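Sequence lines set the chain letters: A, B, ... in the order given, protein chains first and strands last, and positions in each chain run from 1. Since this is a predicted model, take the numbers as computed values, not measurements.
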There are 2 protein chains.
Amino acid sequence: METNLFREHERNSADFLKEILNKEGFRLTSQRQKILELFNAEGGEHHLCAEEIHQKLAEQGEKISVSTVYRALHVMVNLGLLQELELAEERKYYELRSPVLHQHHHLVCVHCGEVNEFEDAIITQVSGHETQERGFSLLNSQFTVYGICPRCQGRYIN
Amino acid sequence: METNLFREHERNSADFLKEILNKEGFRLTSQRQKILELFNAEGGEHHLCAEEIHQKLAEQGEKISVSTVYRALHVMVNLGLLQELELAEERKYYELRSPVLHQHHHLVCVHCGEVNEFEDAIITQVSGHETQERGFSLLNSQFTVYGICPRCQGRYIN
DNA sequence: GTTCCTGCAAAAGTTTTGCAAAAAT
DNA sequence: ATTTTTGCAAAACTTTTGCAGGAAC
């Protein structure tokens with residue numbers, strides 16, 4: 001069961017991205033491709049912030065400026081490829097966008113920052129119910145649970 | 001049915017605040033009192049950011065610096081009096097903290113920024129379930145639904 | 001060829017911090 | 001009297017923007 005828009009087209013990821021971009025008058029650039037590849041790399045980080053993206057690409061020898069990263073992230077959010085997350089931190093994180101029905105949510109340890117993901121169809125139902133009741137259209141939802149993970153419970157919590 | 005920690009002690013709100021502060025080695029100051037009074041004022045804004053707090057207090061003739069507002073907000077979050085919200089905006093918002101069982105959540109119009117609140121016990125149940133399953137202790141949770149409100153649906157969405 | 005995109009550096013906006021004076025305990 | 005808190009100004013950090021050169025269409 002695939003849960004992200006991008007992986008479904010992995011074989012021709014560049015073509016797929018180009019199509020999506022061009023449809024809206026944007027252009028395919030190597031920088032945008034590299035950023036999306038980073039998100040798509042399996043086993044890697046799921047949640048990335050602009051600075052992390054910039055640094056990881058720099059480590060791979062890619063030349064890309066921070067402002068380009070920010071601009072690319074905005075474009076991809078607007079195209080529906082990425083979703084912006086508000087975790088416990090001061091900066092914004094991004095992840096590949098899941099279709100609403102397979103959306104996952106986050107359980108964050110406020111002590112060590114560990115992030116767990118989970119899915120729950122009820123959350124989607126509640127989103128649909130609340131939006132319908134007020135005549136809103138539903139775009140997406142974000143559910144974040146904060147707690148202290150088992151490892152950190154043993155330590156003194158400041 | 002009271003839903004916030006502060007209102008329960010409204011008659012002696014200053015004493016109540018002082019007690020909470022002193023218990024942790026903090027001191028009661030007029031600035032901290034004024035900030036909490038602002039949140040507690042009924043019919044007022046529920047969600048306030050640092051700059052709004054600073055401005056509203058200035059309008060009332062209170063002298064308080066922005067840095068004091070930030071410092072007071074941090075103290076009150078740590079004491080459990082306020083909760084930090086990550087709405088759709090670039091800055092952080094705060095509201096009086098509700099006991100977990102009566103927590104409310106937010107429905108945000110991404111176009112005009114209108115914020116609706118709602119309660120749903122199922123959200124609390126899911127929070128409890130997910131934390132227990134992974135051995136986390138539950139601190140709180142935040143559920144935000146993004147959509148477009150009825151008024152904005154008629155307009156062109158950029 | 002035209003339009004969009006990038007990189008750079010500078011700017012903007014929010015939040016934090018160092019320090020001396022003031023206030024709370 | 002001691003310790004915390006405040007206000008101010010400066011700094012730190014994330015994010016945005018203007019502009020000229022370069023790349024994609």
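Between the NZ atom of B/Lys63 and the C1' atom of C/dA23 there is a distance of 16 Å, given to the nearest Å. The interatomic distance linking B/Ile20 (CD1) with C/dT25 (P) rounds to 14 Å, in whole Å. Summarising the geometry, the separation between CD on B/Glu84 and C1' on C/dT14 is reported as 13 Å, rounded to the nearest angstrom. For B/His54 and D/dC8, the NE2 to C1' distance is 11 Å, given to the nearest whole Å. Residue A/Leu21 contributes atom CG, which lies 8 Å from atom P of C/dC5 at whole-angstrom precision. Regarding B/Gln55, its CD atom lies at a distance of 12 Å from the P atom of C/dT14, rounded to whole Å. As a whole-Å value, the separation of B/Leu73 CG from C/dT15 C1' is 11 Å. In this structure, CD of A/Glu52 is placed 11 Å from P of D/dT14, rounded to the nearest angstrom.
A search for side chain to side chain contact (heavy atoms under 4.5 Å, CB included) contacts involving B/Ser30 returns B/Lys34, not counting sequence neighbours. In terms of the side chain to side chain contact (heavy atoms under 4.5 Å, CB included) criterion, residue partners of B/Phe26 (sequence neighbours excluded) are, by chain and number, B/Leu21, B/Glu24, B/Arg32, B/Val75, B/Leu79. Scored by the side chain to side chain contact (heavy atoms under 4.5 Å, CB included) test, A/Glu130 finds A/Val126, A/Glu133, A/Arg134, B/Phe118, B/Asp120 as partners (sequence neighbours excluded). Listed by chain and residue number, nothing satisfies the salt bridge (Lys or Arg N to Asp or Glu O under 4.0 Å) test with A/Glu51 (two or more places apart in sequence, or in another chain).
Regarding contacts with the backbone of D/dG7, a side-chain N or O of B/Gln31 is found under 4.0 angstrom from either OP1 or OP2.
Panel note: side chain B/His54, backbone B/Ile64; a donor-acceptor pair is recorded below 3.5 Å.
Note on B/Glu51: nothing from the nucleic acid sits closer than 4.0 angstrom, heavy atoms only.
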Each nucleotide of nucleotides 16-25 of chain D classed B (base within 4.0 Å of a protein heavy atom), S (only sugar-phosphate) or -, in 5' to 3' order, makes BBB----BBS
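Remark: A/Arg151 engages A/Glu114 in a salt bridge, criterion side-chain N to carboxylate O under 4.0 Å.
In this structure, B/Ser127 and B/Ser141 approach most closely via the heavy-atom pair OG-OG, 3.2 Å. The two residues B/Thr131 and B/Ser137 have their closest heavy-atom pair at CG2-O, 4.3 Å. The heavy-atom pair separating B/Cys109 from B/Cys149 by the smallest distance is SG-N, 3.3 Å.
Between its opening and closing five pairs, the helix from C/dG1-D/dC25 to C/dT25-D/dA1 changes axis direction by 40°, a value rounded to 10 degrees.
Distances from the side chain of A/Thr68 to the nucleotides D/dG7, C/dG7, C/dT15 place C/dG7 closest.
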